[in-house]
Amino acid sequence: MAPLVEVQGLEKRFSVGGAWLRGRRRVIHAVDGVSFAIEPGEVLGLVGESGCGKTTTGRLILRLIEPSAGRIRFEGHDLMALSPPRLWATRQRMQIVFQDPFASLNPRMRVGSIIAEPLAIYERAGATERRRQVSELLDVVGLDPAFAERYPHELSGGQRQRIGIAAALALRPSLIVADEPVSALDVSVQAQVLNLLMDLRRRFGLTYLFISHDLHVVLHMSDRVAVMYLGEIVEIGPRDALYRAPRHPYTQVLLSAAPVADPKLRRERIVPKGEVASPLAVPSGCRFHPRCPLVFDRCRVERPLLRTVGAGHEAACHLNEAPALLTGA
Amino acid sequence: MALLSVEGLRTQFATGAGTVRAVDGVSFAIERGEVLGLVGESGCGKSVTSLSIMRLVPPPGQIVAGRIRLEGEDLLDKDAEAMRRVRGARIAMVFQEPMTSLNPVFTIGDQIAAAVLAHEGGRRRAAWDRAVEMLDQVQVPSPGERARDYPHQLSGGLRQRAMIALALAPGPQLLIADEPTTALDVTIQAQILDLLRRLQAERGMAVLLITHDLGVVAELCHRVAIIYAGRIVEMAPVARIFEEPLHPYTRGLLRCLPHPSRFGQPLSSIEGAPPDLRGADAGCPFAPRCPLAIESCRRHEPALAERRPGHFVACPVAVV
Ligand SMILES: Nc1ncnc2c1ncn2[C@@H]1O[C@H](COP(=O)(O)OP(=O)(O)OP(=O)(O)O)[C@@H](O)[C@H]1O
Ligand SMILES: Nc1ncnc2c1ncn2[C@@H]1O[C@H](COP(=O)(O)OP(=O)(O)OP(=O)(O)O)[C@@H](O)[C@H]1O
Ligand SMILES: [Mg+2]
Ligand SMILES: [Mg+2]
């Protein structure tokens, strides 16, 4: 089967400048040569620390922002080559759910209008039919149809996130980019929303790019996981392989650093070095080398490429040429 | 005698829409050198509990009942000046947002030196040297140079360290840390938790760690109190909370979290939402969401009882 989404050599540069940089324009390489594919019905997780380029990657795929380089294929079509009307039509099939349910909903619109808006824009139904579909969508996300009459400020965080999901589902997309969909929620509500997303995936055969900075949430939700560091994917592979046998030191550090609510599962503590890296000062060679516990000379000069380390499992670390050093075996 | 004991604390906010019972009869003690975690979801009263201990509850909030004893002395009897001395020297506090403690217009070295001078007196020069030493202890690289920086010149992780250095400068017996790592990236969080663990052990200082993250609790705490709707519903040594939680709310919380043995499987969730703290309902505050609730749960508020040695639960139905 052909992948639903395929990106190749994706790049996004932002030009920034301001008072604190004394007016000097500088270029941020927010996404720097990212390639991956997502199969239909699959969940690909994207994890990494703040500023590593997760949100930018998600937006590029939806062409909410224009890439500086690279190719994006969606449902077999080259998104960069589509005519404006074709792109407009294709956009219905790709939707996004945002992190902050408080900021992403228009406070002056009733819930019913928020959910119906995409249907109205795409002229998919008349007013009566839209109302019927709104009721159905509310039901699908586990809310009473009476919620259609409410305003966002009358809802809890979890309820708002359900509204955001209902609006994303209205046009029956095949792909949903979920950008930190539960990061603003309390754990008991987070569990409800994660369960809902899993359930919708099964019911509607949805494909997700699931973005989060929370490694355990990403592992829970995803079939495959991509780990990002400073605009690059440093490791990508099946969930279990990545969890049990991570092959990039950054993945190992993340796994060790993420607190687990189970003292029995405590990994060996690797206290990571240094600060979260800034894309304004990208290190030479391997970008992770200043913080890497296993750094050696070659890492400072030569940028490692993704290489296969197992079935569907790739990592960008020179040590994979001598895996015993990496795994401590 | 415990270092700190809180007995029957009630703190309320009188608002136009009713009285918010933010802390509603909380009792716990912290021993010298102990790390106690205070855990619960947003709005359950964690921060108001710590502000009550510091006597820093903002109006219209008021402590309406209870005792807060530090080495036996009741802090609620102290006048403003005596309380200021307690806060300067014996209890210190750090927050999620370092800029709540750091002053943007002074260098961090000057701020820490001022705290040293206020506490120990002595010469300015010596206080400055102590400040640099403190920055070194919290593992700020090139502490001599960083001491001359203003807070905004530091990264988030370094600012957090500077705030910890400032709080620890007078050598407090108790550190209250309110979500100290919540805003940080996970690698920086690991560094700060490691630092707190080390400083706590070296100084034998007691810590009240406030967090919503049970993972952070597992990393750092000796004992945990689980708080729900302004009340402690369970309190036990850390291993027991994770291995044999007794209260239905604690059990529910733990099962809400993704766990490596259950990746991809549906999470069990707690239906509904926490109650409005303005209500004055009788009964257990968790009863409306509780899978085990029986008729009497809605009528009688359960008391926190020691159901096993060192393991306290406020639930008569919990299977022990
Ligand atoms: N519109 C923009 N203009 C300039 N720089 C930008 C813009 N959008 C993003 N960036 C920068 O690009 C980098 C990647 O940002 P991005 O938002 O993709 O990161 P992220 O991984 O989603 O981080 P977070 O976890 O904080 O959401 C950051 O350094 C960010 O400051
Ligand atoms: N100034 C205030 N006026 C009215 N109510 C208040 C005020 N400050 C706090 N409260 C209420 O007191 C309750 C407890 O608040 P508190 O800040 O202690 O929660 P918390 O457990 O620290 O939550 P979080 O995890 O979000 O920090 C909340 O319901 C809150 O709405
Ligand atoms: Mg983002
Ligand atoms: Mg708080």
Side-chain angles (χ1 to χ4, degrees), chain A residues 20 43 47-52 142 156-159 182 184-196 198-199 213-223 239-240 243-244 250 253-266 269-278 291, chain B residues 39-44 139 141 152 154-158 181 183-195 197-198 211-220 238-239 241-243 249 252-274 289:
Chain A
W20 60 284
V43 180
V47 67
E49 292 177 288
S50 63
C52 71
S156 71
Q159 288 167 342
V182 298
L185 305 176
D186 267 321
V187 288
S188 69
V189 182
Q190 170 180 308
Q192 295 169 6
V193 172
L194 292 178
N195 283 346
L196 174 65
M198 293 285 244
D199 183 48
H213 66 279
D214 184 326
L215 183 61
H216 287 102
V217 167
V218 165
L219 288 165
H220 179 78
M221 291 296 289
S222 310
D223 302 309
R239 183 244 321 272
D240 290 338
Y243 177 72
R244 283 184 226 289
Y250 180 58
V253 162
L254 277 186
L255 279 165
S256 154
V260 203
D262 186 344
K264 285 200 294 286
L265 288 178
R266 182 106 234 10
R269 266 194 195 104
I270 315 172
V271 177
K273 295 196 280 186
E275 300 283 323
V276 173
S278 155
R291 306 183 72 192
Chain B
V39 191
E41 294 182 282
S42 178
C44 69
Q139 295 168 341
H152 73 267
L154 303 179
S155 70
L158 287 187
T181 61
L184 302 174
D185 266 306
V186 59
T187 57
I188 308 303
Q189 165 167 286
Q191 293 170 356
I192 298 290
L193 292 177
D194 189 61
L195 177 68
R197 193 183 295 116
R198 202 171 49 71
T211 177
H212 65 279
D213 187 334
L214 282 160
V216 168
V217 166
E219 290 285 311
L220 208 61
V238 73
I241 284 284
F242 290 101
E243 279 159 26
Y249 177 62
L253 266 190
L254 282 165
R255 279 197 304 250
C256 281
L257 296 169
H259 189 278
S261 66
R262 302 187 294 267
F263 282 151
Q265 293 168 27
L267 298 164
S268 67
S269 63
I270 306 173
E271 290 311 314
R289 306 175 75 188

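Side-chain atoms are counted along with the backbone in the values below, which use heavy atoms only and exclude waters and symmetry mates. Letters go in sequence order (proteins before strands), and every chain restarts at 1.
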S.K.: Please say which of B/L195, B/L193, B/T187, B/D194 ends up in a side chain to side chain contact (heavy atoms under 4.5 Å, CB included) with A/V271.
M.R.: B/D194
S.K.: For B/Q265, is it the side chain, the backbone, both, or neither that has a heavy atom closer than 4.5 Å to a heavy atom of chain A?
M.R.: backbone
S.K.: With respect to chain B, which residue among A/H216, A/Q190, A/M221 yields the maximal number of heavy-atom pairs within a distance under 4.5 Å?
M.R.: A/H216
S.K.: Could you check which of B/I188, B/V238, B/D213, B/I241 has the highest count of heavy-atom pairs closer than 4.5 Å to chain A?
M.R.: B/I188
S.K.: If you take all heavy atoms of B/F263 and A/R239, which pair is closest and at what distance?
M.R.: CB-NH1, 3.5 Å
S.K.: With a 4.5 angstrom heavy-atom cut-off, could you sort out which part of A/L219 is near chain B: side chain, backbone, both or neither?
M.R.: both
S.K.: Is the shortest heavy-atom distance from the side chain of A/V187 to the side chain of B/H212 under 4.5 Å?
M.R.: no
S.K.: Any non-hydrogen side-chain atom of A/H220 less than 4.5 Å from a side-chain atom of B/L267?
M.R.: yes
S.K.: Would you give the length of the straight line joining atom CG of A/D214 to atom CG of B/L257, rounded to the nearest 0.5 angstrom?
M.R.: 9.0 Å
S.K.: Heavy-atom distance under 4.5 Å to chain A: side chain of B/S261, backbone, both or neither?
M.R.: neither
S.K.: So, for A/M198 and B/G264, which heavy atoms are closest and what is the spacing to 0.1 Å?
M.R.: CE-O, 3.2 Å
S.K.: How close do B/L254 and A/A261 get, counting heavy atoms only, and between which atoms?
M.R.: CD2-O, 4.2 Å
S.K.: Write down the atom of A/S188, the atom of B/S269, and the distance for their closest heavy-atom approach.
M.R.: O-CB, 4.1 Å
S.K.: Checking heavy atoms, do the side chain of B/E41, its backbone, both or neither come under 4.5 Å from chain A?
M.R.: both
S.K.: Are the side chains of B/Q189 and A/P259 in touch, meaning some heavy atoms are under 4.5 Å apart?
M.R.: yes
S.K.: Check whether A/E275 reaches the backbone of B/S155 with its side chain - one donor and one acceptor, N or O, closer than 3.5 Å.
M.R.: no
S.K.: At a heavy-atom separation under 4.5 Å, does B/R255 approach chain A through its side chain, its backbone, both, or neither?
M.R.: neither
S.K.: Report the C-alpha distance between B/C256 and A/Q192 in whole Å, list the side-chain angles of each, state the deciding distance to 0.1 Å, and finish with yes or no for side chain to side chain contact (heavy atoms under 4.5 Å, CB included).
M.R.: CA-CA 8 Å; B/C256 281; A/Q192 295 169 6; over 6 Å; no
S.K.: To the closest 0.5 Å, what do you measure between CG (A/D186) and CG (B/L253)?
M.R.: 9.0 Å
S.K.: Do the non-hydrogen side-chain atoms of B/V186 and A/H213 ever get within less than 4.5 Å of each other?
M.R.: no
S.K.: Which atoms of A/V217 are under 4.5 Å from chain B, going by heavy atoms: the side chain, the backbone, both sets, or neither?
M.R.: both
S.K.: Would you say B/D185's side chain and A/S50's backbone share a donor-acceptor pair under 3.5 angstrom?
M.R.: yes
